[in-house]
Amino acid sequence: MSKLLENLNTEQHAAVTLPPQAALILAGAGSGKTRVLTTRIAWLLQTGQASPASILGVTFTNKAAKEMLTRLGAMLPINTRGMWIGTFHGLCNRMLRAHYREAALPQTFQILDTADQLAAIKRLLKALNVDDEKFPPRELQHFINANKEAGYRPQQVEAWDEYTRKRVELYHEYDAQCQKEGVVDFPELLLRSYELLSRNEPIRRHYQLRFRHILVDEFQDTNRLQYLWLKILAAHGAEQPAAIFAVGDDDQSIYGFRGAEVGNMRDFEREFHVASVIRLEQNYRSHGNILDAANAIIANNSKRLGKNLWTDQGSGEPIRVYEAPTDIDEGRWIVEEIQQLVRDGASRSDVALLYRSNAQSRVLEQQLFSSGVPYKVYGGLRFFERQEIKHALAYLRLLANPDDDTAFLRVVNFPTRGIGARSLELLQDSARTFNTSLYATVPHLSGKPASAIGGFVRLIEEMRHATEELPLYEIVDHILDTSGLRAHYRAEREGQERLENLDELVSAARYFMNEADAPVAEGEEAQHGDPLSRFLAHASLEAGDHQAEAGQDAVQLMTVHAAKGLEFDAVFITGVEDGLFPHEQSMNDIASLEEERRLMYVAVTRARKRLYLTLAQSRMLHGQTRYAIKSRFFEEIPEGLLKWLTPRVQAGFGASASYGQRSGGSSSYGGWNKSPVSPKPREAMPQQPSRDLGGLRIGQLVRHAKFGDGVILAAEGSGADAKVQINFGSAGVKWLLLSLAKLEAIG
DNA sequence: CCTGCATTCTTTTTT
DNA sequence: AGAATGCAGG
């Protein structure tokens, strides 16, 4: 046991060995959070305080769950299979499969992913003749999910206005449709599971007695419903509540926009009477300057639980800042810098390019590509979300559950079978009359549509018959041929990759079966449900690990969100401009600006040794050149931590151009810093935007007869329409037509 | 039923 | 700019 606790610092040790009671661990970035979580489980097991079956480990991503299991396996020679460790959704799915009757679901219930759900909503609106201009499907989807994630069924939603009353009604209809079709969307997995626990006493008691230790990762990301779910599982308020061990960091809460409630941390502390909150503040990742910058940034947020990271690693290098004239120059400079790092011995995979939004990756990719620097972009379309895969899965879903109308409509005419919108409308109408699923309605049909659609139903029936006795992967293989999907993509010009993906689906099925059919070891329970349904659930819940394709040593590109939890020797945070980061849609109210700030905090704390902040004075966005000034977050970083590699010509009055370049100054780290700081002096003067601004440019100080002195923030249009945005300080920020306003360049 | 053009809308993302 | 959807015409 002592071995387990070796090398833990005081706080980590204290957290791991806490008595089994409600605990809140505030774990700063890079403070060994995952280590504490897994060591805690190992310690509970090894000291005999817990059996594997009594442990419930909850994460948000499959990746995190997998990592927990891997690390546990390395620590203890135990069978981790007896424990329930998984994502909220995965665990709820497991529970609902086991008690599908009590949860009023068909045994083969299918899971709708976000796109399926949207399709289902559109279909509903059409069937009910609802104007989708007045009730945009996406908005309705958001409304439904937000309510589910707050724990509200339609009856519980307060509707004060006509509009909301209608949306509640649609929410109700939507639920009814899902129930009829035997499908469940993501938030429904949780809500259903929660309701099952609250309504069914024996089942509730069963799980409450079983899970004595509940460990929750990334607690700051929980939404209301997830909190309620944990609360009921832990038998909160009962005499013998389970011990919840919650680990989180309020400063890294960056999912407020999708319903995460940081407030759950405070509520947890209060409602569960957490005796003492343990703070993990020693950072093992970043050098001092990087941490100082991070601390300084996050200090501007209000309502923090309070935490200050420190390190004993020394301050390290200054943070390098580069301001480029355009986004293309920004990308080019970054690529040169990366090439220099690589020449100095860095490996490309230890270098990350982070950006606020995905749209920014293109310019960077172009530069990397044309320079022949290998790179990998994270966060594209995932395997199970590809259209050919979704088509194949739709056939499989129909085999498992013919009432799945979404799946039916997806493939009834794909590949084309001469079934048009007209026939389908007819079918949908009579399905409403008979109150049956589309599939079940087909026999009632007469006339021409009947034969075409009847043929489709016969095809599915034949598939079902032919695959009855086959193992899973052969079922998949079989439907790829009999559905005509393979033939379809073979005929398509660009179909080669899709065909390969379909083959990969067969492999995925084979792999899935091997995993699933592993002999059931002692202390392990068999999972519920038939292999096909389980495979389909797996496909919905784990849309595909793009992490899988390791490949060569490549520079890592991703959004800041995607970078949470990761770390790199060198990190470039790109596009650090007002309007981009913070994003313009989040600049105006305090709550969302604070989330942007946390996002910046997350970004900064990804770096181990070297951090770059880069920005561009102009960039193409939505097909238009936009001009921006440096991010307001620069003001929050102590000037002494920054090394400007470009002259500072910036907004703010009287800001004199200061050149940050001072030779050397930094010490060397990690072996790949052979050349001091900036390899070569770079072009210093920002170029004038290639637009006639009458000798003006962004950042230019100007004088206006009425508004006084100001600085140009942005420009738009050209010729007679050319407008500039100027910050006149106390006189405000104004857009002025260049042709009308008499502006005099000063400074 | 398919094809091509117009219109729209673009943060972040996991399940 | 570019993707993705929706609608008119072949």
Side-chain angles (χ1 to χ4, degrees), chain A residues 58-65 86-94 111-119 122 126 132-133 136-139 142 145 148-149 184-191 193 217-218 221-223 225-226 253-260 327 354-363 366 378-382 384-385 387 413-424 449 452 537-546 558-565 575 579-587 592 595-596 598-600 602-603 619-626:
Chain A
V58 197
T59 65
F60 276 86
T61 66
N62 294 300
K63 203 172 136 199
T87 64
F88 277 103
H89 293 85
L91 295 166
C92 288
N93 175 53
R94 188 167 178 181
I111 300 168
L112 299 184
D113 70 15
T114 312
D116 296 332
Q117 184 189 28
L118 188 62
K122 284 180 180 166
K126 211 168 207 171
D132 60 4
E133 300 261 286
R138 294 186 143 280
E139 199 274 337
H142 182 258
N145 289 349
K148 286 191 181 186
E149 282 167 355
V184 164
D185 58 43
F186 285 136
E188 183 73 22
L189 282 171
L190 273 137
L191 186 50
S193 168
D217 191 18
E218 306 277 16
D221 288 336
T222 52
N223 62 37
L225 180 56
Q226 286 159 341
S253 158
I254 56 175
Y255 287 109
F257 71 92
R258 64 173 199 218
D327 48 352
L354 308 185
Y355 32 82
R356 175 66 180 82
S357 60
N358 280 309
Q360 289 167 251
S361 77
R362 250 196 55 236
V363 179
Q366 266 166 18
Y378 288 81
L381 199 55
R382 286 155 350 152
F384 285 110
E385 285 167 2
Q387 70 148 13
N413 195 38
F414 192 96
T416 41
R417 307 186 168 85
I419 299 168
R422 185 80 152 274
S423 314
L424 288 176
H538 164 82
S540 300
L541 292 171
E542 297 188 40
D545 224 343
H546 30 226
M558 65 193 84
T559 62
V560 179
H561 282 91
K564 188 163 88 153
L580 255 191
F581 201 175
H583 198 274
E584 60 186 344
Q585 271 148 260
S586 303
M587 291 197 321
S592 44
E595 181 147 316
E596 295 285 315
R598 292 192 291 269
L599 206 46
M600 181 56 79
V602 167
R619 70 171 65 238
M620 285 293 268
L621 207 60
H622 309 324
Q624 272 195 323
T625 307
R626 309 229 314 190

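Each chain gets a letter, A, B and so on, in the order the sequences are listed, and its residues count up from 1.
If you measure from atom CZ of A:R362 to atom C1' of C:dA3, you get 11 Å, rounded to the nearest angstrom. Rounded to whole Å, the distance from CD on A:E385 to P on B:dT14 is 9 Å. For the pair A:D113 CG and B:dT13 P, the interatomic distance rounds to 16 Å; values are reported in whole Å. In this entry the distance linking NE2 of A:H142 with P of B:dT11 reads 14 Å, nearest Å. The CD-C1' distance, from A:Q624 to B:dT10, rounds to 13 Å in whole Å. Going from atom OH of A:Y378 over to atom C1' of B:dT13 covers 17 Å, rounded to whole Å. Rounded to an integer number of Å, the gap from A:Q360 CD to C:dA1 P is 18 Å. For the pair A:Q585 CD and B:dT10 P, the interatomic distance rounds to 8 Å; values are reported in whole Å.
Within the nucleic acid shown, A:Y255 comes within 4.0 Å of sugar-phosphate atoms alone, with no base atom in reach, counting heavy atoms only. If you check every strand for non-hydrogen atoms under 4.0 Å, A:T114 touches a base. Across all strands, A:F60 comes closer than 4.0 Å only to sugar-phosphate atoms, never to a base (heavy-atom distances).
A:R362 and A:D327 are not joined by a salt bridge, as no carboxylate oxygen comes within less than 4.0 angstrom of a charged side-chain nitrogen. Salt bridge annotation for A:K126-A:D132: absent, with no cationic side-chain nitrogen under 4.0 angstrom from a carboxylate oxygen. Using a 4.0 Å cut-off between a side-chain N of Lys or Arg and a carboxylate O of Asp or Glu, A:E149 and A:R258 do not qualify as a salt bridge. Taking a cutoff of 4.0 Å between a charged side-chain nitrogen and a carboxylate oxygen, A:R356 and A:E584 do not qualify as a salt bridge.
Side chain of A:N413 to main chain of A:T416: no donor-acceptor pair is present (N/O by atom type, distance under 3.5 Å, no hydrogens or angles).
Ranked by how close their nearest DNA chain B nucleotide is to the 5' end, A:T559 and A:R417 are led by A:R417. A residue-by-residue look at A:E149 and A:L599 shows that A:L599 has its nearest nucleotide of DNA chain B further toward the 5' end.
In terms of phosphate contacts, A:N358 brings a side-chain nitrogen or oxygen within less than 4.0 Å of OP1 or OP2 of B:dT13. In this structure, A:N62 does not reach the B:dT14 phosphate: none of its side-chain N or O atoms is under 4.0 Å from OP1 or OP2. OP1 or OP2 of B:dC2 lies within a sub-4.0 Å distance of a side-chain N or O belonging to A:T416. Contact between the side-chain N/O atoms of A:S540 and the OP1/OP2 oxygens of B:dT15 is not found at any separation under 4.0 Å. Of the side-chain N and O atoms in A:R138, none sit less than 4.0 angstrom from OP1 or OP2 of B:dC9.
Side-chain proximity of A:H622 to C:dG6, B:dC2, B:dT10: nearest is B:dT10. The side chain of A:M620 sits closest to C:dA1 out of B:dT11, B:dT15, C:dA1. Nearest to the side-chain atoms of A:H561 among the listed nucleotides B:dT15, B:dT12, B:dT11 stands B:dT12. Closest to the side chain of A:R258, out of C:dG6, B:dT15, B:dT13, is B:dT13.
Taking all atoms of both residues into account, the shortest heavy-atom contact from A:I419 to A:S423 is CG2-CB, 4.3 Å.
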